[in-house]
Amino acid sequence: MAVRRPGVIALFDVDDTLTAPRKFVTPEMLECMRELRKVTHQPKIIDDYDYVFTENGLVAHKDRTLIGTQSLKTYLGEDKLKEFINFTLHYIADLDIPIKRGTFIEFRSGMLNVSPIGRNCSQEERDDFERYDKVQNIRPKMVSVLREKFGHLNLTFSIGGQISFDVFPQGWDKTYCLRYLDDFQEIHFFGDKTYKGGNDHEIYESERTVGHTVTNPEDTIKQCTALFLNP
């Protein structure tokens, strides 16, 4: 029988960890989360969550109440922000890839999300680009150029998902959310892109977390069951 573990919290990436990219959560995952809630605290994908962290924890909610937010616009200022966006759009305009759609840069509270193909692409186009990118390294090459060009801005570039990468100030990676979890002695993190350069790497490697690499939502269920529900 699973035993309640006070002071323990489980954190999860979303795409390829809790769900397939941009797909609905499965009944099996919901059931796993419900059972897991009985033995740990956790940010949730069902209604009665404890914490929800978006944008690496730059926008944080506890019990559905906003408890923290950060602004990229305030950090960079309009001139530096415009310089970065202009250069990035020029780069994408000159990029020769099979197709392009719309919304190449999505402005969020604490970061920019940059997509060479454009976030308005269909799921089939996402899948095609992901396979193309694994061969042609479109995103890694673009990140390398931007990192060199804007090194003076102290930005972090983090590749995640199928079609994009995030841009944010150094230190505003997924470890940012940990500042809200000082009451927990044991923090488990589950993510698929835990390798260096992936957007789960920093929190996976953090001294404050126990990191777990998963390959897909089914693997997440398997590991959570073995670790927490059926130890």
Side-chain angles (χ1 to χ4, degrees), residues 2 4-5 8-57 59-61 64 106 108 111 113 115 117 119 121-134 139 158-166 173-178 181 184 186-206 209-231:
R4 179 72 177 174
R5 297 170 64 175
V8 177
I9 188 169
L11 305 177
F12 297 90
D13 175 47
V14 179
D15 284 355
D16 277 329
T17 301
L18 290 179
T19 69
R22 296 181 68 82
K23 297 293 182 65
F24 291 107
V25 63
T26 65
E28 291 78 13
M29 180 60 76
L30 285 173
E31 180 60 25
C32 179
M33 292 296 103
R34 290 189 182 100
E35 291 301 310
L36 191 58
R37 184 170 174 74
K38 297 177 182 178
V39 295
T40 71
H41 292 273
Q42 70 208 82
K44 299 275 298 203
I45 52 173
I46 56 179
D47 290 340
D48 56 337
Y49 55 76
D50 293 326
Y51 295 88
V52 167
F53 300 120
T54 60
E55 301 186 32
N56 299 343
V59 181
H61 290 81
R64 305 188 185 186
E106 185 174 85
R108 301 175 181 174
M111 66 174 68
N113 180 265
S115 175
I117 185 178
R119 297 190 62 85
C121 59
S122 67
Q123 185 61 54
E124 181 180 0
E125 291 163 343
R126 281 174 166 268
D127 296 340
D128 289 343
F129 178 82
E130 183 180 29
R131 288 189 288 268
Y132 181 82
D133 187 46
K134 287 179 179 178
R139 288 183 292 173
S158 186
I159 296 175
Q162 295 179 287
I163 62 169
S164 64
F165 58 90
D166 294 330
D173 53 62
K174 288 187 178 181
T175 60
Y176 195 93
C177 74
L178 299 178
L181 302 176
F184 295 95
E186 189 175 325
I187 303 171
H188 291 261
F189 173 78
F190 296 81
D192 66 302
K193 290 181 171 57
T194 57
Y195 50 82
K196 189 172 183 178
N199 65 354
D200 298 324
H201 177 73
E202 290 83 3
I203 191 170
Y204 172 82
E205 290 285 329
S206 173
T209 67
V210 180
H212 306 272
T213 301
V214 300
T215 56
N216 53 46
E218 292 73 24
D219 188 35
T220 300
I221 293 174
K222 179 180 178 181
Q223 291 196 38
C224 286
T225 299
L227 183 62
F228 295 111
L229 304 179
N230 212 8

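Position 1 is the first residue of the sequence; numbering continues from there. All of these numbers come straight from a predicted model, not from anything done at the bench.
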Between [atom1] of [X] and [atom2] of [Y], what distance do you get to the nearest 0.5 Å?
X	Y	atom1	atom2	value
Met29	Glu31	CE	CD	12.0 Å
Glu106	Asp166	CD	CG	9.5 Å
Asp173	Ile203	CG	CD1	8.0 Å
Lys222	Thr225	NZ	OG1	10.5 Å
Asn199	Asn56	CG	CG	7.0 Å
Cys32	Glu218	SG	CD	11.5 Å

- Which is it for Lys23 and Gln123 under the side chain to side chain contact (heavy atoms under 4.5 Å, CB included) test, yes or no, and what are the steps along the way? CA-CA 10 Å; Lys23 297 293 182 65; Gln123 185 61 54; 4.1 Å; yes

Just so I know, are the side chains of [X] and [Y] near enough to count as touching, which here means a heavy-atom distance under 4.5 Å?
X	Y	result
Ile117	Asp133	no
Asp16	Pro21	yes
Pro217	Thr26	no

- Task: Show your working on ring-ring contact (aromatic ring centres under 6.0 Å, His included) between Phe12 and Phe190 and close with a plain yes or no.
- Result: CA-CA 5 Å; Phe12 297 90; Phe190 296 81; 5.1 Å; yes

- Item | Asp15 bridged to Lys193 by N-O distance under 4.0 Å | no

- Message: Check this for me, if you would: do Arg108 and Glu55 make a salt bridge, where the nitrogen-to-carboxylate-oxygen distance has to be below 4.0 angstrom?
- Response: no

- Task: Apply the test side chain to side chain contact (heavy atoms under 4.5 Å, CB included) to residues Lys174 and Glu202: give CA-CA distance (whole Å), side-chain angles for both, the deciding distance (0.1 Å), then the verdict.
- Result: CA-CA 7 Å; Lys174 288 187 178 181; Glu202 290 83 3; over 6 Å; no

- For the side chain to side chain donor-acceptor pair (under 3.5 Å) test, which of Thr17, Asp219, Thr194, Asp192 pairs with Thr213? Thr194

- Which of parallel (below 30°), tilted (30 to 60°) and perpendicular (above 60°) describes His188 and Phe228? perpendicular

Would you name the heavy atoms of [X] and [Y] that are closest together and state the gap between them?
X	Y	value
Phe129	Gln162	CD2-O, 3.6 Å
Ser164	Arg119	OG-NH1, 3.6 Å
Arg126	Cys121	CG-SG, 3.4 Å
Ile159	Phe165	CA-CB, 3.8 Å
Val25	Thr19	CA-CG2, 3.8 Å
Asp13	Gly191	CB-CA, 3.9 Å

- Might you work through the side chain to side chain donor-acceptor pair (under 3.5 Å) test for Ser206 and Thr175, ending with a clear yes or no? CA-CA 7 Å; Ser206 173; Thr175 60; over 6 Å; no

